[in-house]
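The next block holds one structure in the form of structure tokens; read it before the comments.
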Amino acid sequence: MTSAQDVPRPPARRDIGKVGVWSGQFDFSPAGAVREAIAELDELGYPTLWTGEVKGREVLVTASLALAATSRITIATGIAQILARNPLTMTAAQLALAEAFPGRFLLGLGVSHAELMHIRGAPYTRPLGQMAAYLDEMDQMAAEQYRAVAPAELPPRVLAALGPKMLGLARDRADGAHTYFVPPEHTAAAREILGPDKLLVPEQAFVLHNDPEQARDLARRHTGSYLRLPNYTSNLRRFGFDDDDLAGAGSDRLVDTIVAWGDPDVLLGRIKAHLDAGADQVAVQVLDFDRRGLPRRQWRELAPALSGL
């Protein structure tokens, strides 16, 4: 039987399409509605769906549900928290999904945030060291311990990375980086660190609405939740945002930088800014006024414009 250590690793920089969908909203819908929505994304032609985990469904279970409900779309974790499962469990899930759905699973890994790790009873001490050690153990588990049928090629993995050191680890020990809550200037800096051959997929939030007051109100529901987390505020300070910008749910300048709003052309402009800065794909997170809803109407409306990229 072929073992994981015998199969080839794919090229680091893969063609996954220029625009994907990012959504953390699936936890608020029953599994049947989730399968239906993801199947529609597949039919609409979106090449990739990114989804993460906070306090809802286990993300690798969600990925399995999504892969089984579709035939073409790549499912990516943005991200699977490393301290939520041991390295053998993570490796086994990645290899099992890659074997069952060849070429359609992309594992995004991250240390996450101290607050979320405390809920799990996991220590959050030295994120860079924790990630490096975890990758060592994953590689060892794949080579020495995994006993199931291996995929035809080792599936790719990317790291959640914001700062220069974690981006360097993504360059040296993974197939690239998935960045979140970042301006295009960060994408340019990340590409410089990663070099030309690694995947780089930033997330970009968007409100499909033209009224400035209403659009920014919705955007601030999004930014306010992340500006409580020091990982994001420290990163934004590197790009010229100060205490006034970071206060509360964010200044207009910060909100408009992190969350594009308006018509599809506005989104296209922001996507192109990331692509021009070095992104391989931009994962678009469409925000909806329904806190627990899925933005299926917006996904449908945006699909024709985004498919041309």
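The residues of the chain are indexed from 1 along the displayed sequence. What you see is a predicted model, and the numbers here were worked out from it, not measured in a lab.
- To the nearest 0.5 Å, atom CD1 of residue Ile75 and atom CG of residue Leu107 are 13.5 Å apart.
- Residue Asp242 holds its CG atom at 9.5 Å from CG of Leu254, rounded to the nearest 0.5 Å.
- The backbone N or O of Val61 sits less than 3.5 Å from a side-chain atom of Glu58, completing a donor-acceptor pair.
- Between Arg191 and Asp276 there is no salt bridge, since no side-chain nitrogen of the basic residue lies less than 4.0 Å from a carboxylate oxygen of the acidic one.
- We find that Asp139 and Arg157 are joined by a salt bridge, their nearest charged nitrogen and carboxylate oxygen being less than 4.0 Å apart.
- Within the 4.5 Å cutoff, the side chain of Ser307 has no heavy atoms near those of the Leu44 side chain.
- Taking the side chain as every heavy atom from C-beta outward, Leu106 and Trp50 approach each other to under 4.5 Å.
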Inset, instruction - Walk me through it: do Val266 and Trp261 pass the test side-chain contact (heavy atoms from CB on, under 4.5 Å)? - result: CA-CA 7 Å; Val266 173; Trp261 55 268; over 6 Å; no

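- You'll find the side chain of Leu287 stays beyond 4.5 Å of the side chain of Arg221, heavy atoms only.
- Listed by chain and residue number, nothing satisfies the salt bridge (Lys or Arg N to Asp or Glu O under 4.0 Å) test with Glu192 (two or more places apart in sequence, or in another chain).
- Residue Leu275 holds its CG atom at 6.0 Å from NZ of Lys18, rounded to the nearest 0.5 Å.
- Taking all atoms of both residues into account, the shortest heavy-atom contact from Ile193 to Arg171 is O-NH1, 3.1 Å.
- Phe289 meets the ring-ring contact (aromatic ring centres under 6.0 Å, His included) test with His209; sequence neighbours excluded.
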Legend entry - Verdict with supporting geometry, Leu268 and Leu306, side-chain contact (heavy atoms from CB on, under 4.5 Å): CA-CA 7 Å; Leu268 286 172; Leu306 300 182; 3.8 Å; yes

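- Between the Thr233 side chain and the Leu227 main chain, no donor and acceptor come within less than 3.5 Å of each other.
- One finds a salt bridge joining Arg173 and Asp136 here, because a Lys/Arg side-chain nitrogen approaches an Asp/Glu carboxylate oxygen to under 4.0 Å.
- In terms of heavy atoms, Ala37 sits closest to Trp299 at CB-CZ3, 4.5 Å.
- The salt bridge (Lys or Arg N to Asp or Glu O under 4.0 Å) pairs that include a residue from residues 87-101 number zero, where partners must be two or more places apart or lie in different chains.
- Put simply, the side chain of Phe206 reaches to within 4.5 Å of the side chain of Leu302, judged on heavy atoms.
- Residues Thr257 and Phe241 meet the side-chain proximity criterion, which asks for heavy atoms closer than 4.5 Å.
- For Gln25 (side chain) and Pro295 (main-chain N/O), no donor-acceptor pair under 3.5 Å exists by modelled atom type.
- No single ILVMFWY cluster, assembled from side-chain heavy atoms under 4.5 Å apart, contains both Leu200 and Tyr232.
- Within the 4.5 Å cutoff, side-chain heavy atoms of Leu49 are placed close to those of Phe26.
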Inset, instruction - Begin from the C-alpha positions of Thr187 and Val282 and carry the test side-chain contact (heavy atoms from CB on, under 4.5 Å) through to its verdict. - result: CA-CA 10 Å; Thr187 299; Val282 180; over 6 Å; no

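- Residue pairs satisfying the salt bridge (Lys or Arg N to Asp or Glu O under 4.0 Å) criterion with at least one member in residues 255-270, sequence neighbours excluded, are listed as follows: Arg216-Asp256.
- Taking each heavy atom of Lys198 and Gly176 in turn, the nearest pair found is CB-CA, 4.0 Å.
- With Asp42 contributing its side chain and Arg72 its backbone, the two residues share a donor-acceptor pair below 3.5 Å.
- Expressed to the nearest 0.5 Å, how far CZ of Phe181 lies from CD of Gln285 amounts to 10.0 Å.
- Annotation: side chain to side chain contact (heavy atoms under 4.5 Å, CB included) contacts of Ala33 (sequence neighbours excluded): Ser29, Pro30.
- Counting all heavy atoms, side chain and backbone alike, Pro47 lies closest to Ile16 at CB-O, 3.4 Å.
- Between atom OG1 of residue Thr91 and atom CZ of residue Arg85 there is a gap of 11.5 Å, rounded to the nearest 0.5 Å.
- For Arg253 (side chain) and Asp245 (main-chain N/O), no donor-acceptor pair under 3.5 Å exists by modelled atom type.
- Of the possible polar contacts, none joining the Tyr226 side chain to the Tyr180 backbone as a donor-acceptor pair under 3.5 Å is found.
- Residues Val158 and Val201 fail the side-chain proximity criterion, which asks for heavy atoms closer than 4.5 Å.
- Not one N or O on the side chain of Glu203 forms a donor-acceptor pair closer than 3.5 Å with the backbone of Val21.
- Heavy atoms only, all atoms of each residue included: Thr74 and Gly103 are closest at OG1-O, 3.8 Å.
- Crowding of Arg292 atom CZ: a count of heavy atoms from other residues, nucleotides or ligands under 6.0 Å not exceeding 12.
- Taking all atoms of both residues into account, the shortest heavy-atom contact from Asp244 to Ser251 is O-CB, 4.2 Å.
- A 4.5 Å side-chain heavy-atom check between Asp288 and Val286 finds every atom pair outside the cut-off.
- Judged as a salt bridge (Lys or Arg N to Asp or Glu O under 4.0 Å), and not counting sequence neighbours, the contacts of Glu301 are Arg297.
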Inset, instruction - With side-chain contact (heavy atoms from CB on, under 4.5 Å) as the test, would you mind laying out the steps for Val207 and His222 before giving the verdict? - result: CA-CA 10 Å; Val207 176; His222 176 74; over 6 Å; no

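- Put simply, NE2 on His274 and OG1 on Thr179 are 7.5 Å apart, with the number rounded to the nearest 0.5 Å.
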